[in-house]
Amino acid sequence: MAFGKKESYGKGRAAARKRRHARLRKHVSGTTERPRLSVTRSTRHVFVQVIDDTVGKTLVSASTMEADLRTFEGDKTGKARKVGELVAQRAKDAGIDSVVFDRGGNAYHGRVQAIAEGAREGGLAL
């Protein structure tokens with residue numbers, strides 16, 4: 001907190017991702033009409049949430065940890081696309097048509113891109 005700095009992030013790869021995510025979150029915020037589609041990526045799994053930031057509530061979620069996706073044959077990118085389609089279908093059932101995409105400080109490439117494409121294929125407007 002010295003010299004007006006809000007938070008010390010450090011120097012590593014994870015710290016750089018946190019810095020990018022903090023920069024991104026300054027501009028990306030979910031509303032009731034257009035909630036935020038947040039992507040969290042680990043080395044093995046992806047987690048997607050549709051969040052209304054005005055009340056701080058998760059409306060819809062999906063991940064590769066779910067039983068039906070654990071049995072899905074394919075690579076991690078294929079599973080990520082299925083997660084995108086699944087979250088889009090659940091969002092449609094909840095009455096959500098369009099979202100703001102929050103890539104979580106990750107590059108828009110690979111699994112993160114596959115989630116976005118899967119969500120678009122599922123009928124969600126990003």
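Because the structure is predicted, anything quoted here is derived from the model rather than measured.
Between L69 and K79 there is no side-chain heavy-atom pair separated by less than 4.5 Å. Proximity of Q49 to F47: side-chain heavy atoms (C-beta onward) are nowhere separated by under 4.5 Å. Annotation: side chain of L126 is in contact with side chain of V99 (closest heavy-atom distance under 4.5 Å). Inter-residue side-chain proximity for H45 and E66 is flagged as unmet; no heavy-atom pair is nearer than 4.5 Å. Contact check for V28 versus F101: no side-chain heavy atoms found under the 4.5 Å cut-off.
F72 and M65 fall into different hydrophobic clusters, where Ile, Leu, Val, Met, Phe, Trp and Tyr are joined by side-chain heavy atoms under 4.5 Å apart, directly or via other members. Placement of V100 and L24 within a single hydrophobic cluster is found when ILVMFWY residues are connected by side-chain heavy-atom separations under 4.5 Å, directly or transitively. Residues I51 and L37 do not share a hydrophobic cluster, clusters being chains of Ile/Leu/Val/Met/Phe/Trp/Tyr side chains in contact below 4.5 Å.
Atom OG1 of T64 sits about 13.5 Å away from atom NZ of K82, to the nearest 0.5 Å. In this structure, E121 CD and Q89 CD are separated by 14.0 Å, a value rounded to the nearest 0.5 Å.
A91 and L124 make their closest contact through CB-CD1, 4.0 Å (heavy atoms, listed as atom of the first residue, atom of the second, distance). Here the shortest heavy-atom pairing between R44 and K76 reads O-CD, 4.1 Å. Residues G78 and D75 share a closest heavy-atom pair of N-OD1, 3.0 Å. Residues R111 and A80 share a closest heavy-atom pair of O-CB, 3.6 Å. Here the closest heavy-atom approach between residue P35 and residue I96 is recorded as CG-CG2, 3.8 Å. Nearest heavy-atom pair across A62 and V87 is CB-CB, 4.1 Å.
In K57, the NZ atom is not crowded: 12 or fewer heavy atoms of neighbouring residues, nucleotides or ligands sit closer than 6.0 Å.
Considering L86, D102, I115, V60 as possible partners of V48, the one that fulfils the side chain to side chain contact (heavy atoms under 4.5 Å, CB included) test is I115. Exactly one residue among D53, L59, V50, T31 makes a side chain to side chain contact (heavy atoms under 4.5 Å, CB included) with R36. That residue is D53.
Remark: the backbone N or O of N106 is not paired with any side-chain donor or acceptor of R17 at under 3.5 angstrom. For the pair R103 (side chain) and H109 (backbone), a donor-acceptor distance under 3.5 Å is absent.
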